[in-house]
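Have a look at the structure below, then the notes.
Note that ligands are numbered from 1 as they come in the structure, with each ligand's atoms numbered from 1 the same way.
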Amino acid sequence: MTEIVPLARPSITAEDRQAVMQVLSSGRLSGGPRTLAFERRLASACGVAGAAAVSSGTAGLMLALEACKIGPGDEVITTPFTFVATTSAIRQLGATAVLADIDPDCWNIDPARIVEAITPGTRAVLPVHVFGRPADMTAIREIARDHDLRVIEDACEALGSRNGGQACGSMGDAAVFGFYPNKVVTSGEGGAVTSDDPAILEWCRRQRNHGRLPGSAAGGPVPGHNFRISELQAALAESQLKRLPKLVKRRQQLAGEYARRLSEHEDLRLPAAEPRGTTVAWFAYVVRLADRFDAQARDRIRKRMLDLGVETGHYFPAVHRLPSSEGPGIRVHDTTTHAEALADRVIALPFFHDLDDDQMDRVTEALLSSISQEKLR
Ligand SMILES: Cc1ncc(COP(=O)(O)O)c(C=O)c1O
C-alpha cells in the first residue's frame with residue numbers, strides 16, 4: 001500500500017537529537033540553562049527584550065493576558081477565524097472574547113471591524129497572525145493607542161514572519177508563540193511569551209511556576225500555575241531555532257510550489273501571495289474552495305483525499321460555532337460572515353519541511369480529482 005502523505009511532520013536533525021540527549025546526560029531536566037538559552041535566542045530572533053518559555057501556546061496566552069491585567073468582566077477583541085485556544089485563554093480568565101470579522105482577502109482580523117467592536121468594557125485586542133501571515137499591526141496599534149487598549153499578538157503560527165523590519169512577536173505589548181509539532185519550530189509541546197516590558201516578562205516567569213522566581217520558595221500573593229517547560233523541550237526548540245531562516249525559506253519554497261501547481265484552478269482560492277516587504281513563515285498551506293461548494297462538499301472532498309492517501313486538516317472551524325462556545329465569555333460583534341464563509345470551505349494541505357515533489361504531486365492530484373468527483377455529484 002502507498003504510504004499516506006501526512007498533514008504535518010516535524011523536521012528533526014541529528015543536532016536536535018544530540019541537544020536532547022545532552023540534557024538527558026546532564027541530569028537537569030527542568031528549570032536550567034537550556035530554558036534560559038532558548039529564551040535568549042527567541043528574544044533575539046524577535047528583536048525584543050526577553051522571552052518566558054512556558055508549557056504551551058495556550059499557557060502563554062493565559063499568562064500574557066493575566067500580565068496585561070485582563071480578568072472577569074473585561075472584553076478582548078479577537079478573530080473568529082483562529083484555533084480555539086485563542087478564545088479559550090480569554091474565557092478561562094473570566095473575560096469575554098468579542099469576535100470581529102476578518103478581511104476576506106488576507107484572512108486576518110479586519111482593523112475596521114475592531115473599531116466597531118470597541119465598548120467601554122474593551123481592554124485589549126488579540127490579533128492572530130493566521131497561518132503565519134502578519135496581521136495589520138500598524139492599524140491595530142493605532143487603534144489601541146487611540147482607545148487605550150493593550151495588544152497581545154497570538155503569534156503561535158508566526159515564528160519567523162516579519163512585517164517591514166519588524167518580527168511577529170515584537171509588535172504588541174506581549175506576544176505568544178506555540179511549539180506544537182506542526183509548527184515551523186517545535187519542542188513537542190511548548191510555548192513562549194515575548195515582550196519588551198519587564199513587568200510582563202516577570203509576571204510570566206513568576207506565574208508559570210506558582211508565583212516563584214528562582215531562589216524564592218514562598219511565591220507571590222496571587223496563586224500561580226505550573227506552566228513550566230522542561231529542559232528537554234527547551235533544548236529541542238533552541239536547536240531548531242538555530243536554523244529558523246532555513247526552515248522559513250523551505251516553507252516559502254513549498255508555498256510557492258503549491259501556488260504554481262494550483263493557481264490556474266477555477267474551483268480554488270489560494271492564499272494571497274506575500275505582500276511586498278512582508279515575510280510569511282508559512283505555518284500551513286490552506287486553500288479555500290470556491291463559493292459554490294459548501295461545508296458538506298468540503299468534507300466529502302477531504303474524505304476522498306484521505307481515501308487516496310492524503311491527509312488534510314480543517315484549519316479552522318469558526319470558533320463561535322464550536323460546541324464549547326455555547327457557554328459564556330464569547331460574543332460575536334455584528335456579523336462574522338467572511339469568517340464563516342472561509343471556515344466552511346478551507347482545506348489545509350500537507351505541509352512540512354521534508355515534503356517532496358512526489359508527495360506534492362499526489363496531494364495536488366488527489367485534491368483536483370476529488371473536486372472533479374464532487375462536481376459530478
Ligand atoms: C493561533 C493559535 N493560537 C494558540 C495556539 C495554542 O497553542 P498550544 O497548542 O501550544 O497550546 C495555537 C496552536 O496550535 C494556534 O495555532
I'd like to check whether Glu157 has a polar contact with ligand 1, where a contact means an N/O of the residue lying under 3.5 Å from an N/O of the ligand. yes
Residues Glu202 and Arg205 bridged, charged N to O under 4.0 Å: no
Could you check which of Ala85, Ala158, Ala192 puts a non-hydrogen atom nearest to atom 6 (C) of ligand 1? Ala85
Which ligand 1 atoms does Thr86 reach within 4.0 Å, using its non-hydrogen atoms? 3 (N)
The closest protein heavy-atom partner of atom 11 (O) of ligand 1 is Thr58 OG1, 2.5 Å
Electrostatic pair Glu231:Arg34 at N-O distance under 4.0 angstrom: no
Just say parallel, tilted or perpendicular for the rings of Tyr315 and Phe283, cut-offs at 30° and 60°. parallel
Shortest protein heavy-atom distance from atom 3 (N) of ligand 1, along with the residue and atom involved: Asp154 OD2, 2.7 Å
Is it true that Phe131 and Leu342 fall in one hydrophobic cluster, defined by side-chain heavy atoms closer than 4.5 Å? yes
If we number the atoms of ligand 1 from 1 as shown, the ones under 4.0 Å from a heavy atom of Ser56 are 10 (O), 11 (O)
Measure the distance from atom 12 (C) of ligand 1 to every protein heavy atom, then report the residue, atom name and distance (to 0.1 Å) of the closest one. Phe83 CD2, 3.5 Å
Side chain to side chain contact (heavy atoms under 4.5 Å, CB included) against Ala281, all qualifying residues, sequence neighbours excluded: Ser161, Val248
For atom 7 (O) of ligand 1, the closest protein heavy atom turns out to be Gly57 CA, 3.5 Å
Salt-bridged, Glu75 to Arg331, with N to O below 4.0 Å? yes
What part of Cys156, side chain, backbone, both or neither, has a heavy atom within less than 4.0 angstrom of ligand 1? side chain
Side-chain touch Arg292/Lys375, heavy atoms, less than 4.5 angstrom: yes
Location of contacts on Lys183 toward ligand 1, heavy atoms closer than 4.0 Å: side chain
For Thr82, take its heavy atoms, then give the atoms of ligand 1 lying under 4.0 Å from any of them. 1 (C)
Cation over ring, Arg208 on Trp203, under 6.0 Å and within 45°? no
With heavy-atom distances below 4.0 Å as the criterion, list the atoms of ligand 1 near Val128. 1 (C)
